[in-house]
Every structure is written in structure tokens, then in C-alpha cells.
Amino acid sequence: MPEGKYIFVIGGVMSGVGKGIASASIGKILQARGWKVTAVKIDPYINLDAGTMNPLEHGEVFVTDDGDETDQDIGNYERFLDTNIYRSNYMTTGRVYQAVIERERNLEYGGKCVEVVPHIPLEVISRIKKAAQLIQADITIIEIGGTVGEYQNILFLEAARMLKLSQPQDVLFVLVSYLPVPAKIGEMKTKPTQTAVKMLNSAGLQPDFILGRADRPIDEPRKEKIALFCNVHKEEIISAPDTDIVYEIPINFEKDNLSEKILKKFNLEIKPINLADWQTLVAKINNAQTGIKIGIVGKYFETGDFILPDAYISVIESLKYAAWHWGIKPQIHWLNSDAYEDSQRITGLADCDCLVVPGGFGSRGIEGKIAAIKYARENKIPFLGLCYGMQLASIEFARHVCGLSGAQTTEIQPTAEDPIIHVMEEQAEKLAKNQYGNTMRLGEYPCVLKPGSVVAGLYGQLEITERHRHRYEFNNNYRDLLEEAGLFFSGTSPDDQLVEIIELPANIHPFFVGVQFHPEFKSRPLRPHPLFLGLIKAGWALQKNKNAKIL
Ligand code: GLN
């Protein structure tokens, strides 16, 4: 088999310019030309994975089928490429160093002095190649985290340089840069991008393409300037203007013939492009009717003066796919669980057509979440609880329907009177030893659904697999009691030991489902997840009902 091709995507000027979406979109257009594509994310931090990081700082922790806790960009790759990405496709500085040190301890370097260069970049290259070989990818996109010029990602740039040196025909570099239009100047400025290219040059790399992120397309005079000062041809500068719909970005890139230009440089056949599904999706999004109001009760989105939805990105995207599927524009309402701690203040909820309580950890805001769930249950607002959301829905039911006022999770009250949610047996030992990293129940596990349940109707099958990330579980000692009071345990592990899904029957509530797993990690733009489809459908029906009453 001929060597695969590699495209390194590197950020210039500042973080947050959308390297992840750009990488996923480049992958998408090459895939749409019939090439087998995979994507690798490199994070420069020392952490071995994203699992122990605060979502407010780092955004969502994404979970792969094989149980890796990764950066949210792996989620972007899965969603754009509609393929599963595995542990092999994610690396951090910590992971790379750990592997090299382990190898040294095992005498695998044959007595050599093990050095930062070349041994660290060589390990990076070998990991990239392994990820490519795993699916026999023709083209591998490698996104290097951080911004060119910073200290942290320098060894990854070095790996890119070394790979280019040994396989010059197989490696391309894309710089995703930012072009500001300062309000007082009123003109798009190219100097920061020129400086970014100079810094890239000083790492021994020359960009093959520059993707210019800006609030508008790059005009001809600016393209000429960038071309001249950055040593690229004008056609290698691709406009990447802001867009409300990220799924439009691959289509925008194609307006500049990006996939053709890349394939030409690689000397690969330019097969016809097929983006028909994607174009239909974008048309559907643009034609969707006005909105369904979706409340998300969370605590990881307010930082200072800003609302950053990054911590819930997979949940938000899953809600969007489901809404678009039904031809509706989703309107997300952020409901801060801290503000609901005083249950008198559940104001925004009454306006919502449906409610999601996503995953979470710890005690902050949980009484607010429980109050919101109670409101949704009593007022028959369609509700979907994800992981912590399911656990808190069980506690709410135990407290307010079964009268167990001391119902709680031992995560925040180890001596709870009624530990409705308790630590999983194998987890207690790990917690006692402070072993927090990569030790949760992670990744894909099977679940069996009860015939006739709401969820069985939605999935259209009785055996499913879903991705998990938790340490606590429903306490089986309370199963009978809650069941007698009307809660239906409609999904369990195949051995029936672990509650995976709770629901209220359809004649009691229009949609009340809580799941111990994270369906948001498996929802894809063209294949929305059945649970989100069910929620949005029920929410839409509720809105129509409300409107009918007003008329
Ligand atoms: N904190 C809960 C647990 O560990 C829920 C985790 C989550 O929502 N991902 O079980």
C-alpha cells in the first residue's frame, strides 16, 4: 500500500479560531471525494487525558467508544466524518512523554541517551501513523492544539517538520489564522497573520494553505498582500468567514475548490465530489420553522461576563440535529442551576417546550436541577436527563413521590439517609486511593430495553449500546419502592444489575426519560439520536398545544 498522506492543521494569531471545525471540514470534503479520512487531535498539556479537567476551563470532555476521555474536537471529527474515532487518535504531551519514559525503562532504546529531540517527535509521528493505519486512512488530518509561537506545542511542530522531511510528497500544512477588522480602523488587517507565518517559518514549516478566519470573506487586495508576504499563492488563501451554521463550512471551502487544490498537491486522483446529503442538511436547517424552546439546566456555562456553551457542545449539537430533523429551529435557553437553588425562582422554565438536565459532578447547583426536574415532571414538560440528570431525576422522584425526604446521592452526602444513588462497587476502592484519572465506568456498554417502553419505541430495538462516564449508579435496594410508585426501569445492563434508563409511562407524562449514559456522544448530523428525536417531538407537540389554547 502506498504511504498515506498527512495534513497538519495549525492555529495562528489566537486560540478559538475554529481549528477543530476547520480540520473536520477539510476531512469532510476529502471524504466526500471518495478518500478514506481520519483525524488526530494533539493537545499540548501534560494531562494524560481531558477527564480530570474542569469543563469551564477546557470545554466538554468527549468520550469515545473505547472509553477515552478526550478533547471536544474528537466529537467534531466524529460528527463531521460520521465515523467512530478511537483512543489512538488523541494524544497529549503527557501521553507522549509517558510512553517514551516507559519504553526507556524497558530498555527499548537499547542503551541510548533518550532525548527530547528526536525521541519525543518520533513517538508523535509513530502515534500519528498508528492512527492512520488503524483504519487504513488515505489521508490523516492532524490538528495541533494551541497557537504557533507558544512554547507548549513546539515539539509537535517539530514532529510535523520531521515527517515532512522524510516524506516531502505526503505532508501538507494548513495555517488557520485570524484576520481582525478593528472597528476604529475599518479595514481587515493582515499583519498578525504575516507574523504567525514568520513564526511557523522559524519552526521550519511553510504553510501550503492559509485559512483566513474573519467576520467576512477576504477580498482581493488582502489576498494579494498575504500571498506576497507569506510566500503562498493567492489561490492557496482560503476565506473562512464566520457562519451561524458550522455545517456550511465544508460547502464554503468547496466554493474555493479546497479539496481539489489539496488533492492536486498530493498528486491524488480528483474524484467527483458528493456533498449532496450535507447540502440537503444545510437546506433543511435554513428552511426550518421557528423555534422550539429548549431549556438546558447546567452550571458549566457562565464564566465572568460570558456564556460559553462549550462544556455542553455534544448535547447542544444533538438537540439541533433532532430539531432540524423535524424541520424546527432550536432555541436554546441557558438556565443556571445555581439560580434555581431557591425553587421560588423557576421563572424561565415555564416558557420552555422541553428540558434537558445534562451530566455533571459535585454539589453545586444540584438542588436547582432537582427543582427544575420536579417542575418538568409536575407540569408535564418533556424532560431528558443525561447521566447526572437521570440520577437527580431518581432522587427527585424518591423525595417528592415516594416521600423519602432524605433521598440523595452519596457523591455529595456519603451518609445520606436514603442513598438512592450510590457509588459503584468497583469505584469505591479507586476513590479511596484518590485514583481519579481514567477510572470511571467509561465508554461503550450494552443495555437491554423493556418491550413496550417509551425508549424501546424510540430505538426500535431492544438491545442497544451507549457510551458512559460515571462512578455512581442507581441503588437497587430502592428499585421496588420507586417502581411501585410508578417509575419504570425501562433499560438495564444485560445482567439486570445496573439501571440504565428510567421513564414515566406515556399515559402519565408526555416524555420523561432519564439515562445513565450519554446519548449525545453518538448523535450525528445526518443520524440524529432517537432519544433526542423523541424529546423534541414531544416538546413540539407541547408548543402546538399551547398555541392552540392561545388561539
Ligand atoms: N457525577 C455522576 C457520576 O459520577 C454523573 C456523572 C456524569 O454526569 N457524567 O456518576
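All ligand and atom numbering here is 1-based and tracks the order in the structure.
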Open item on the list: Testing D43, D49, D68, T70 one by one against Y90 for a side-chain hydrogen bond (donor to acceptor under 3.5 Å, both in side chains), which residue passes?
Closed with: D43

Open item on the list: Is it the case that the ring center of F532 lies less than 6.0 angstrom away from the ring center of W326?
Closed with: no

List, pair by pair, the atoms of ligand 1 and of the protein that are both N or O and lie under 3.5 Å apart, giving the separation rounded to 0.1 Å.
{"residue": "ligand 1", "atom": "1 (N)", "partner": "G360", "partner atom": "O", "Å": "2.9"}
{"residue": "ligand 1", "atom": "1 (N)", "partner": "E411", "partner atom": "OE1", "Å": "2.7"}
{"residue": "ligand 1", "atom": "1 (N)", "partner": "E411", "partner atom": "OE2", "Å": "3.2"}
{"residue": "ligand 1", "atom": "4 (O)", "partner": "R471", "partner atom": "N", "Å": "3.0"}
{"residue": "ligand 1", "atom": "8 (O)", "partner": "G360", "partner atom": "N", "Å": "2.9"}
{"residue": "ligand 1", "atom": "8 (O)", "partner": "G360", "partner atom": "O", "Å": "3.4"}
{"residue": "ligand 1", "atom": "8 (O)", "partner": "Y388", "partner atom": "N", "Å": "3.1"}
{"residue": "ligand 1", "atom": "9 (N)", "partner": "R469", "partner atom": "O", "Å": "2.9"}
{"residue": "ligand 1", "atom": "9 (N)", "partner": "H518", "partner atom": "NE2", "Å": "3.2"}
{"residue": "ligand 1", "atom": "10 (O)", "partner": "Q391", "partner atom": "NE2", "Å": "3.1"}
{"residue": "ligand 1", "atom": "10 (O)", "partner": "R471", "partner atom": "N", "Å": "3.2"}
{"residue": "ligand 1", "atom": "10 (O)", "partner": "Y472", "partner atom": "N", "Å": "2.9"}

TODO: Check the surroundings of atom CD in E429: do more than 12 heavy atoms from other residues, nucleotides or ligands lie under 6.0 Å from it?
DONE: no

Check whether the side chains of [X] and [Y] place a donor and an acceptor atom closer than 3.5 Å, and report yes or no.
X    : Y    : value
Y321 : Y247 : yes
H470 : Q427 : no
D73  : S23  : no

